Amino acid sequence: MRTETFLLICTGFTFTAILTINRVLGAMGLAVPFSLDLVTSPLVSAGLGFVIGLALTPINKRIRQWRKTRGRDIDEEERYESDHGMISLTPKDKNGLER
């Protein structure tokens, strides 16, 4: 999958895991060593999600290779997308500008 999407999914999973762990520990009556509420959780999960995403990048590359062998080349598709995600009929040049 695309790198931006992959990092966003990793951040979302991390955010959900942090909130779940915080709620479960609070419900069990255990003291949470640091308070993660709805304000600090996104900040912590953004950092951890980015680090986890970088650690899992080799897996994402293997998924991209697997999809490429089955006819879905994401790198080639990205050449035809603008910065806003719109599909163009002309590919971007090496500088990222449309011809």
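Only a predicted model underlies this, so the values are computations on that prediction, with no experimental measurement involved. Note: hydrogens, waters and symmetry copies are ignored here, and every other heavy atom, side chains too, is used.
- With side-chain heavy atoms closer than 4.5 Å counting as contact, directly or through intermediates, Leu8 stands alone and belongs to no larger hydrophobic cluster.
- One finds the CD1 atom of Ile21 at 11.0 Å from the OG1 atom of Thr16 (value rounded to the nearest 0.5 Å).
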Output, in order, the C-alpha distance, side-chain angles, deciding distance and verdict of side-chain contact (heavy atoms from CB on, under 4.5 Å) for Asn60 and Arg64. CA-CA 6 Å; Asn60 190 28; Arg64 290 175 83 136; 4.2 Å; yes
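- Within the 4.5 Å cutoff, the side chain of Phe15 has no heavy atoms near those of the Val44 side chain.
- Each of Val51 and Ile59 belongs to its own hydrophobic cluster when Ile, Leu, Val, Met, Phe, Trp and Tyr are linked at side-chain heavy-atom distances under 4.5 angstrom.
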Show, in sequence, the C-alpha distance, side-chain angles and deciding distance for Leu48 and Ile18, and conclude whether the side-chain contact (heavy atoms from CB on, under 4.5 Å) test is met. CA-CA 10 Å; Leu48 284 177; Ile18 287 173; 4.0 Å; yes
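- Side chains of Arg67 and Ile63 form a contact here, defined as non-hydrogen atoms less than 4.5 Å apart.
- Both Leu56 and Phe13 sit in one connected hydrophobic cluster of ILVMFWY residues. Membership requires side-chain heavy atoms under 4.5 Å apart, directly or through other members.
- With Thr5 as the fixed residue, the side-chain contact (heavy atoms from CB on, under 4.5 Å) test singles out one of Leu7, Ile9, Thr3: Ile9.
- With sequence neighbours left out, the salt bridge (charged side-chain N to carboxylate O under 4.0 Å, His left out) criterion links Arg72 to Glu77.
- Closest approach of Cys10 to Gly53, counting heavy atoms only: SG-CA, 3.7 Å.
- One N or O on the side chain of Arg70 and one on the backbone of Trp66 form a donor-acceptor pair closer than 3.5 Å.
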